[in-house]
Amino acid sequence: MGLNISVFFRLHIGSQPSPPPPFPGLGDLPESCAADVLKYLSPVEICKLAKMNRAFRGASWADFVWESKLPSNYRVLVQRLIGDVGLTMSKREIYTRLCQQNRLDGGNKNVWLDKYSGGLCLSISSMDLRITGIDDRRYWNRISTEESRFHNVAYLQQIWWFEVGGEVEFPFPPGTYSLYFRLQLGRTSKRFGRRIYNLEHVHGWNIKPVQFQLWTSDGQHAKTQCYLDEAGKWTLHHAGNFNVNARNESIRIKFSMTQIDCTHTKGGLCLDSVLIYPVEYEQRSKRR
């Protein structure tokens, strides 16, 4: 009898709803209010808060939250990089897709959104550059490597006239951008799982500086020069900055890297790609 009464009370008490908490918590926040909070945060902070509770998770899908994080010309970018399928995507899905590596021109260009600055990053393979003498195996070779996002680089053995150029036309969001050449003196390989580099052909870069230039279709021009002296590691060589003001128009950028003093040969250089980043990307990298 006592056992039956005990079981009855346990069942009876267990069937009662739990008492409400003394104070409301973040889980009680309406999704609309949570979304109003999220729109003032960065994309990284939004994703972190979305893991907190159901209200923030639901609010993190609100279109107006992500539209404020997208570039002002995102509709043009969607048409260029995603196509018509982008018309059916939510703003969060569009943002996620733009932040991924979007390939263009047969995979010789990669475009992605910098999730911190909201600017656009663009990488151009050496396959898409104009390289003097590239078809003559006495001077240049294409070599495979895991150290390039394009999985191959142009390797210079020796040449008198060194000239690399290219151009790109793209609807960059408004902002200030930097253009770099990604280079390495010497060629690398792996032996027993360790990275090693060969400096056999490296010469001539300490005699005269290399000149980097860029021009834009709206009349901007920048020029820098430097000696190449860091062997065995990939370095970014700054050609200059340019500004983008037009919201939905494409800007054409021409760029070059030259060392055309024919009093001496130069060689042993790996050319990977040309990179265009928002200036905030460079400043953030330096702080790290």
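Residues take their numbers from the sequence shown, with the count starting at 1. The analysis underlying the following values was restricted to heavy atoms, covering all of them including side chains, and did not include hydrogens, waters or symmetry mates.
Residues passing the salt bridge (Lys or Arg N to Asp or Glu O under 4.0 Å) test with Glu230 are Lys233, sequence neighbours excluded. When the salt bridge (Lys or Arg N to Asp or Glu O under 4.0 Å) test is applied to Asp63, no partner is found at least two apart in sequence or on another chain.
Taking the six-membered ring where tryptophan is involved, the planes of Phe242 and Phe172 are perpendicular, since the angle between them exceeds 60° and thus also 30°. Ring planes of Phe162 and Trp205: perpendicular class, angle over 60° (limits at 30 and 60°). Ring planes of Tyr180 and Tyr277: tilted class, angle from 30 to 60°.
One hydrophobic cluster, built from ILVMFWY side chains closer than 4.5 Å, cannot hold both Trp61 and Tyr74; they sit in different ones.
Inter-residue side-chain proximity for Leu185 and Leu269 is flagged as met; some heavy-atom pair is nearer than 4.5 Å. Looking at Val153 and Glu147, their side chains never come closer than 4.5 Å, going by heavy atoms from C-beta outward. Leu122 has its side chain out of reach of Tyr177: every pair of non-hydrogen atoms, C-beta onward, lies at least 4.5 Å apart. Counting only heavy atoms from C-beta outward, the side chains of Phe150 and Asn110 approach each other to under 4.5 Å. Between Asn241 and Gln220, the closest side-chain pair of non-hydrogen atoms is not below 4.5 Å. Between His201 and Gln158, every side-chain heavy-atom pair lies at or beyond the 4.5 Å cut-off. Residues Ile94 and Trp66 are not in side-chain contact: their nearest non-hydrogen atoms beyond the backbone lie 4.5 Å or more apart. Between Phe170 and Leu77, some side-chain heavy-atom pair lies under the 4.5 Å cut-off.
Counting only distance, with no hydrogens or angles, the side chain of Ser42 and the backbone of Glu45 share a donor-acceptor pair below 3.5 Å. Side-chain atoms of Trp140 come within 3.5 Å of backbone atoms of Thr132 as a donor-acceptor pair (strictly under, hydrogens ignored). The closest donor-acceptor contact from the side chain of Glu67 to the backbone of Lys91 lies at 3.5 Å or more, if one exists at all. For Ser148 (side chain) and Asp272 (main-chain N/O), no donor-acceptor pair under 3.5 Å exists by modelled atom type. Using a distance-only test at 3.5 Å, with no hydrogens or angles considered, a donor-acceptor pair links the side chain of Asn73 to the main chain of Pro171. In this structure a side-chain-to-backbone donor-acceptor pair under 3.5 Å is missing from Asn141 to Ile143. Remark: side-chain polar atoms of Tyr116 are not paired, donor with acceptor, to backbone N or O of Val44 under 3.5 angstrom. Within the 3.5 Å criterion, the main-chain N or O of Asn102 finds no donor-acceptor partner in the side chain of Gln100.
Here the CH2 atom belonging to Trp112 is positioned 13.5 Å from the CG atom belonging to Leu98, to the nearest 0.5 angstrom. Taken to the nearest 0.5 Å, the OG atom of Ser60 stands 12.0 Å off from the CE atom of Met52.
Residues Gly166 and Arg130 come closest through the heavy atom pair N-NH2, 3.7 Å. Here the closest non-hydrogen pair linking Tyr95 and Lys69 is CE1-O, 3.7 Å. The two atoms that bring Ser126 and Ala154 nearest to each other are OG-N, 3.7 Å, heavy atoms only.
Within 6.0 Å of CD in Gln101 there are more than 12 heavy atoms belonging to other residues, nucleotides or ligands. In the displayed structure, Arg149 atom CZ is contacted under 6.0 Å by more than 12 heavy atoms of other residues, nucleotides or ligands.
Proximity of the aromatic rings of Trp161 and Tyr139 is defined here by a centroid distance below 6.0 angstrom, and this criterion is not met.
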Check residues 251-259 and write down every donor-acceptor pair under 3.5 Å in which the side-chain atom is one partner and the other belongs to a residue at least two apart or another chain.
| residue | atom | partner | partner atom | Å |
| --- | --- | --- | --- | --- |
| Gln259 | OE1 | Asp261 | N | 3.1 |
| Gln259 | OE1 | Lys266 | NZ | 3.2 |
| Gln259 | NE2 | Lys208 | O | 3.4 |
| Gln259 | NE2 | His264 | NE2 | 3.3 |

